[in-house]
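FYI, side chains are in, hydrogens and waters are out, and symmetry mates aren't considered; it's all heavy atoms of this structure. Note that this is a predicted model, so its numbers are computed, not measured.
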Amino acid sequence: MHFFDEIWDIINESEKEIKFLKFDDFYAKFKTTKEQNFTRDSKAKPLARPCYEKFCKVIAMKDINKKIPSHQKQLNFLHNVAHIEFSAIDIALDAVYRFENLPYDYYADWLEVAQDEIRHFKMIEKLLGEYGAKYGDFEVHDGLFVALCKTQDSLKKRMALLPRYMEANGLDANTHIIKKLSQEAGNEKILEALNVILAEEVSHVSKGDRWFRYACELEGASTDEYINIVRELYPNAFASARELNEEARLKAGFSVAELEAIKSVARGRNG
């Protein structure tokens with residue numbers, strides 16, 4: 001099977017264990033074959049619906065988590081994390097599938113991210129199981145899938161929006177959640193998993209930064225367009241007043257000037 005056809009097959013596989021086995025087989029072949037053909041035989045297929053739609057009830061993002069009983073809040077939180085991590089698997093895989101004729105390192109980077117996201121999902125899935133639940137027991141939103149659809153025709157926009165905006169926001173949110181959970185007893189296993197995810201997501205954002213800059217160079221565009229690119233896709237972007245994880249963002253490739261610009265946008269929207 002052709003490189004891109006195999007990736008498309010994995011993206012659309014909804015049986016989790018089969019999906020992961022297919023990925024393992026594909027990734028093992030990829031790592032042992034340096035000479036790869038990254039030119040597709042036909043156009044990339046448009047995204048239609050997320051594979052998790054087959055086993056999750058998908059609702060609008062604005063309606064998510066509206067009526068969760070207090071005794072289920074922790075389970076719902078874990079389920080939300082599981083959903084983000086499962087979605088992130090296909091985000092990484094679609095970065096591989098969607099864009100052709102890029103350097104070998106580009107595909108290697110996003111396949112490595114996919115492997116990380118599978119491991120993250122399995123960690124959270126195991127915790128869900130310990131609480132007597134499974135992925136699919138709660139409603140989910142398709143917000144990340146919508147972001148994929150918005151950027152399926154542009155490498156620059158994809159790298160700006162998904163890793164460099166959405167996953168970078170996760171660096172901030174995860175840090176906030178870890179601080180909050182650390183103040184309560186009984187969260188040790190959850191904190192252990194979240195700390196692993198936080199540490200490894202810095203490298204994911206860094207990869208997004210690398211390939212965003214590469215895409216800008218290809219197009220003769222300035223990386224200073226980053227905020228405008230994201231706000232063109234999501235006009236309310238950068239509105240959060242949450243404290244930025246500046247240390248993690250700087251490690252991932254953001255500049256001090258960019259962080260100040262992001263904070264300035266937030267102040268303008270909230271001040």
Side-chain angles (χ1 to χ4, degrees), residues 7-27 47-94 111-149 162 166-167 169-170 173-174 176-178 180-182 184-201 204:
I7 285 290
W8 185 246
D9 179 58
I10 298 168
I11 290 170
N12 288 284
E13 178 58 64
S14 61
E15 292 290 339
K16 298 192 298 293
E17 294 309 315
I18 296 174
K19 186 184 188 81
F20 301 157
L21 285 172
K22 284 182 176 180
F23 173 81
D24 289 344
D25 289 344
F26 177 87
Y27 193 33
L47 292 158
R49 52 183 54 85
C51 71
Y52 55 75
E53 189 179 72
K54 293 181 180 178
F55 57 88
C56 290
K57 181 180 179 182
V58 183
I59 62 174
M61 192 164 183
K62 64 181 177 62
D63 297 324
I64 201 74
N65 302 341
K66 294 294 186 183
K67 298 177 181 177
I68 301 298
S70 58
H71 70 279
Q72 287 190 316
K73 283 188 176 179
Q74 189 172 54
L75 261 183
N76 182 64
F77 165 72
L78 281 174
H79 194 274
N80 285 342
V81 177
H83 181 58
I84 290 169
E85 298 305 322
F86 192 81
S87 298
I89 297 165
D90 285 346
I91 289 171
L93 292 176
D94 194 71
L111 288 171
E112 181 179 49
V113 171
Q115 184 183 51
D116 286 348
E117 303 295 12
I118 289 171
R119 184 162 38 78
H120 295 171
F121 172 78
K122 287 181 176 179
M123 279 195 303
I124 302 301
E125 185 182 46
K126 183 173 182 291
L127 284 174
L128 274 174
E130 291 177 9
Y131 284 94
K134 66 182 185 303
Y135 180 45
D137 283 353
F138 290 83
E139 297 171 333
V140 301
H141 66 78
D142 62 354
L144 291 171
F145 185 78
V146 169
L148 282 182
C149 293
L162 270 301
M166 291 188 166
E167 192 158 13
N169 284 350
N174 204 342
H176 174 75
I177 292 165
I178 287 171
K180 185 176 178 181
L181 291 179
S182 296
E184 305 168 4
N187 292 321
E188 290 76 17
K189 288 184 178 180
I190 297 174
L191 286 167
E192 183 180 354
L194 292 180
N195 277 303
V196 169
I197 291 170
L198 175 60
E200 295 186 356
E201 284 185 340
H204 300 176

Heavy-atom closest contact ([X] atom, [Y] atom, distance):
X: Ile7; Y: Leu93; answer: CG2-O, 3.5 Å
X: Lys19; Y: Phe86; answer: CD-CZ, 4.1 Å
X: Ser14; Y: Lys54; answer: OG-CD, 3.2 Å
X: Cys56; Y: Gly136; answer: SG-CA, 3.8 Å
X: Ser87; Y: Tyr52; answer: OG-CE2, 3.7 Å
X: His79; Y: Leu128; answer: N-CD2, 4.0 Å

Pairwise distance [atom1]([X]) to [atom2]([Y]) - rounded to 0.5 angstrom:
X: Asp94; Y: Cys149; atom1: CG; atom2: SG; answer: 8.5 Å
X: Leu144; Y: Asp90; atom1: CG; atom2: CG; answer: 10.5 Å
X: Phe55; Y: Lys16; atom1: CZ; atom2: NZ; answer: 5.5 Å
X: Leu148; Y: Leu162; atom1: CG; atom2: CG; answer: 5.0 Å
X: Glu85; Y: Asn80; atom1: CD; atom2: CG; answer: 11.5 Å
X: Glu167; Y: Asn174; atom1: CD; atom2: CG; answer: 10.5 Å

Would you please test Gln115 and Phe23 for side-chain contact (heavy atoms from CB on, under 4.5 Å) and show each step?
CA-CA 8 Å; Gln115 184 183 51; Phe23 173 81; 3.9 Å; yes
Could you go step by step and tell me if Glu188 and Glu192 meet the side-chain contact (heavy atoms from CB on, under 4.5 Å) rule?
CA-CA 6 Å; Glu188 290 76 17; Glu192 183 180 354; over 6 Å; no
Stepwise, does the side-chain contact (heavy atoms from CB on, under 4.5 Å) test hold for Tyr27 with Ile118?
CA-CA 12 Å; Tyr27 193 33; Ile118 289 171; over 6 Å; no
Positive for side-chain contact (heavy atoms from CB on, under 4.5 Å) with His83, one of Leu78, Val140, Val58:
Val140
Name the residue from Ile197, Leu194, Ile190 that meets the side-chain contact (heavy atoms from CB on, under 4.5 Å) definition with Ile178.
Leu194
Ion pair Lys22/Asp25, N-O distance below 4.0 Å
no
Would you say His204 and Glu117 are linked by a side-chain donor-acceptor pair, where the criterion is simply a distance under 3.5 Å?
yes
The test is side-chain contact (heavy atoms from CB on, under 4.5 Å); show your working for Ile124 and Tyr135 and say whether it passes.
CA-CA 9 Å; Ile124 302 301; Tyr135 180 45; over 6 Å; no
Step through the shown structure and confirm whether more than 12 heavy atoms of other residues, nucleotides or ligands are within 6.0 Å of CD on Glu200.
yes
For Asn12 and Trp8, indicate whether the former's side chain and the latter's backbone hold a donor-acceptor pair under 3.5 Å.
yes
Donor-acceptor pair, Glu15 side chain versus Glu17 backbone, under 3.5 Å?
no
